[in-house]
Every structure is written in C-alpha cells, then in structure tokens.
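What follows is a short report on a single structure.
Below, all heavy atoms of this structure are taken into account, side chains as well, without hydrogens, waters or symmetry copies. Residue numbers start from 1 in every chain, and the chains themselves are labelled A, B, ... in the order their sequence lines are given, proteins ahead of strands. Please read these numbers as outputs of a predicted model, since none were measured by experiment.
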Protein chains: 2
Amino acid sequence: MKINKKQACRIDLKQRILTLDIEPGTVLDETLLSRQYELSRTPLREVFQRLAGEGYLTLEENRGAKVSSMDIASMRNFFQSALLIYAAVGRLAAENATPRQIVALKSAQRSFRKAGENSDVFGMAMFNHSFHQIVGEMAGNAYLTPSLSRLLIDHTRMSQLFYKPKNTQEQQLIWTACDQHDQIIEAIEKREPAMVVELTREHWALSRDRIEKYVRPDPLPNDLDVDTPESKKHAI
Amino acid sequence: MKINKKQACRIDLKQRILTLDIEPGTVLDETLLSRQYELSRTPLREVFQRLAGEGYLTLEENRGAKVSSMDIASMRNFFQSALLIYAAVGRLAAENATPRQIVALKSAQRSFRKAGENSDVFGMAMFNHSFHQIVGEMAGNAYLTPSLSRLLIDHTRMSQLFYKPKNTQEQQLIWTACDQHDQIIEAIEKREPAMVVELTREHWALSRDRIEKYVRPDPLPNDLDVDTPESKKHAI
DNA sequence: TTGTTGATATTTGTATACAATTTGTATAAT
DNA sequence: ATTATACAAATTGTATACAAATATCAACAA
C-alpha cells in the first residue's frame, strides 16, 4: 500500500491545474508544496521539470515554476490548430483502437454521462479529458499525442468555465456532446475512420461554439436611445 | 563568461542524440555523465526529466534514462503524420514570421548550404534541424511545436543515415533540397502561405523518397539463373 | 542443464545542508 | 521626491550522504 508519493504528487498537481484549482499564471512555491506532498524539494523539482515537459508548467531560470497561462495569443492558436489534431487523431484511433482501449473509452464515457446527470462540473471536465486522452492513446502515434495533450490541457481548463449550464438550452448542448461521444465510440468500434473524422468535426464545432458564446455572450439590452440625454448623443 | 553548465549539458546531450553519437536505445549512466559534464547527479537528473519531456529520452521508474528508440512502429507513425504537421507549421510561418526570424532562417540556410558544399554530414543534419526548428518558431503555435519537435528529432536522426551522398545523383538531390529551402524562405518573406505549403509538400516528398530509397535500395543483380547448378534448381 | 535462492554490488531515488541568485528594504545621495 | 546603493531575507540551484530498489552472481536443488 506504499504508493509512490512522487507519482501521486504529479497526478494531483495535474488535476489541480486542469480543474483550475491552481489558476493559470500561478507561481508554485517549492517549500510549501514539498511540505504539502510530504516530499523533499529534489523529487518535487523533478516533478516540475516533467510537468513542464508535458505543457502544464513553464520553468524560468532562477525564477520558479509557473502554471502555463491562457492568454489571448494561446486561445487564438488553440482555435487555429485544435480541429487539425483532433481529426487526425480521431482517424488513427478508428484504424488502430484495441478492444481493451474501447472498454476503457466506454468506461470514461459512462463516468462522463453520470457527471453530466449530477451537474458535476469538475467530473464532466475531467472525464471528458480522459475520453479524449484515451482516443489519443488509441491513435498510438507518438508524434501527434504531444500536441493533443497540450490542446487537451487548455481545452479542459476552458471547460471549467463553460460546462456550468446557465439554462436548459445550455444543458441540452451538454447532452448533445454526450451523444456525440457515444457516436464516436460506435464509429471507432466499427472501424470507420471517415465517420470518426466527421463526428469529431461536429463535436469540435459544438465545443467551439460554446466557448465563443461564453467569450462573446448576448449583449445586454441596448436602451441607450431611451436613457441617453440629447446632449450626450451629440457630444464630441 | 560563466555559462550555465546545466544548460550546456542539455544542449550537448541533445546534439549527441541528434547526431547519433549516442544511439537510439542507449541507457544513460548518471554517474558517468555527471562526471563528464562536471555536474552532480541532481541537476543532471533534472536535465533528463526535461529531455524526456521534449521526446529525446524516455524514463522508467528505477531503471534510468534511455534514448528514445526508432523502431518500425515509430517510423510508420513518422511517415503518417509528418506532412500534416510540416504543412500546417509552414502555413502559419508564412503568416506570422517576424523580420528577425527571417534573418535567423537565412543564416541557418547559409550554414546548411556550406555544410553541403563540404560534404559535412553532421553539419547538414544539424543546420537542417535548425532551419525547420526556426520555421516552427515562426509559426509561433505552442500546440503544434511539440509535435514538430518530436518529428524533427527523428527526422534529423534518420538524416544522419541518408545524407551521406553515395553518388552524384544523390548529391544532386541534396542541392535540390537546398534550393527548396531558398524557395521556402522566399515564400515566407512574401507572405504566401499557400506557396509555402506547396513547397513544404515537395520538400517532404523529396526527403521521404530519400529515406525510402535508403530503406529499400535497388536490389543486387539477380544472377541466380546463371550461377545456380541444375541440382539446386530442382531441390525440394 | 535449468532454475531457485540469497548474499553482495551497483544503480536509482530522496533528504538535507550549503551555495548562488534574486527579491525586498532601508538609508544615503542627488 | 526620486533614484542609487548596500545590506538582509527569501528563494532557487547544487552537492553530498544516505535509503531503497534492482541487477549480478555464486551456491545449491531439481
């Protein structure tokens, strides 16, 4: 029962970053964390290096580890490249998935749906992450997974924001996403790469629209014409 | 002039891996290397973790660091995904390259051509690596560069094998590759993404053909019909 | 020969002390 | 009041000693 503290630390830090428990841009305190995880600084720093390699952190000489930030530039890059990678990975997953992996994918999907039913935002984000990570494993292409992993880190962090259903319409979109997962599983099982690509495209479009909707919501009612005095209308 | 030993170690190890000075699959000896680089094991291990994150090494619990291997499976994956990434990165490079980066790219290309003129195989491989790495920086997309980097690691290692020109025809192909670099630079400078994609496609085709030619060379002359005695012909 | 066991050597992992660097703060000079 | 400078505190980086795990190999049994 002596489970590796270092590995536990790595997994927990990942989760805390993905769930925004540790926010983007946060500088990590070696001393504090080494006490929290009951590790000395040496192995903790090795964990940092590794997480940096996976894109969770960025390291700067003599300046500690920082959780990778999510600024405008990275959002732009994210939208620019996500579909390319997701589609390619989806295609390969359909070609190469093993029965064992399909079992794992179904399991993740069951957990995802259950989290959706319980309006468990964290659970949804994390199991959605697992789902797409498993699809990545199915593709089994070591040249594509690094990009996929980085996309998923930020995709999952964004999910934290927009998986909170604000109304029944948004709840409906979550069910749609969930159904798309089921369809993707089915297409992978049937070994239909083209179908998986098409479903992945749709799945991405839905996710993308949700994020855009969050970033640029419906404007508040514009009653300027009523409230603004004439003087202001002609000002400047 | 007190240049960081750790950083020097990281750069040198990368180079030794890329030039096949340390062969794929080699297990690295912490004690030996820490003496060679005049570092204690602690920072050396951090270098390992980082290089593992970048795809140069793979780490196994309680079993040291191994240089990433190049087996049949990875070759297949390489050919499957290289063009996708190279083309996407090329397109973005044309859109986003800064003047400073173009200067750096031209410098790498000059060094590459010079190495070619001197039949300097290492130089060619390394400056070709630099060239494409700079194109990656031009793209400036943190979600694509991880995959590009991994592709370049193995592409460069393969180059070590096939950049040795065996005859004038093969030498000619090197000049073609060199000219393609020039054309790519020109297209990037002119901000013509579609042109860069097309040139990248041609550049990749050339490289791919060279590798295939190396893996599956022209068969030796088949003179079995002449040499084989009648007895053997009818054996079994 | 093949395989198992256990002692020993080697290698890998961790804690801690210390060195180097950066950050913060108080005081002096302009 | 603002900038410089010097010193103190905190943080990051490295070396080393020790602990844990794994590999090696000889002795012995099947």
Subject >> Nearest-neighbour nucleotide for the R41(B) side chain, dA17(D), dA15(C), dT12(D) considered >> reply: dA17(D)
Subject >> Whether H203(B) and H132(B) hold their rings parallel, tilted or perpendicular, with breakpoints at 30° and 60° >> reply: parallel
Original post:
Nearest-Å distance, CG (N4(B)) to P (dA19(C))?
Top reply: 19 Å
Original post:
Just how far is it from atom CZ of R113(A) to atom CZ of F131(A), taken to the nearest 0.5 Å?
Top reply: 11.0 Å
Original post:
In residues 44-69 of chain B, which residues come under 4.0 Å of DNA chain C by heavy atom?
Top reply: R45(B), E61(B), N62(B), R63(B), G64(B)
**OP:** Taking the side chain as every heavy atom from C-beta outward, state whether F48(B) and L33(B) have any atom pair closer than 4.5 Å.
**Re:** yes
**OP:** Ignoring backbone atoms, establish whether K6(B) has a side-chain N or O less than 4.0 Å from OP1 or OP2 of dG13(D).
**Re:** no
**OP:** Would you kindly give the CG-to-C1' distance between D29(A) and dA9(D), to the nearest whole Å?
**Re:** 14 Å
**OP:** Could you state the atom-to-atom distance from OH of Y37(B) to P of dG13(D) in whole Å?
**Re:** 21 Å
**OP:** Test K14(A) against E54(A) for salt bridge (charged side-chain N to carboxylate O under 4.0 Å, His left out), laying out the working first.
**Re:** CA-CA 10 Å; K14(A) 276 189 196 180; E54(A) 295 178 30; 3.0 Å; yes
**OP:** Between dT12(C), dT16(D), dG13(D), spot the one nearest the side chain of S40(B), thanks.
**Re:** dT16(D)
Subject >> Minimum side-chain heavy-atom gap V67(B)-Y56(B) below 4.5 Å >> reply: no
**OP:** To the nearest Å, give me how far apart CG (L28(B)) and C1' (dT11(C)) are.
**Re:** 14 Å
Original post:
Would one find more than 12 heavy atoms of other residues, nucleotides or ligands at under 6.0 Å from atom NZ of K66(A)?
Top reply: no
Subject >> Distance in angstrom units between R35(B) CZ and dT16(D) P, rounded >> reply: 13 Å
Subject >> d(CD, E30(A); C1', dA15(C)) in whole Å >> reply: 14 Å
Subject >> More than 12 heavy atoms from other groups under 6.0 Å of CZ on R191(A) >> reply: yes
Original post:
Given atom CD of E38(B) and atom C1' of dA15(D), what is their separation to the nearest angstrom?
Top reply: 14 Å
**OP:** Check if the side chain of T42(A) and the base of dT16(C) share a donor-acceptor pair of N or O atoms closer than 3.5 Å.
**Re:** yes
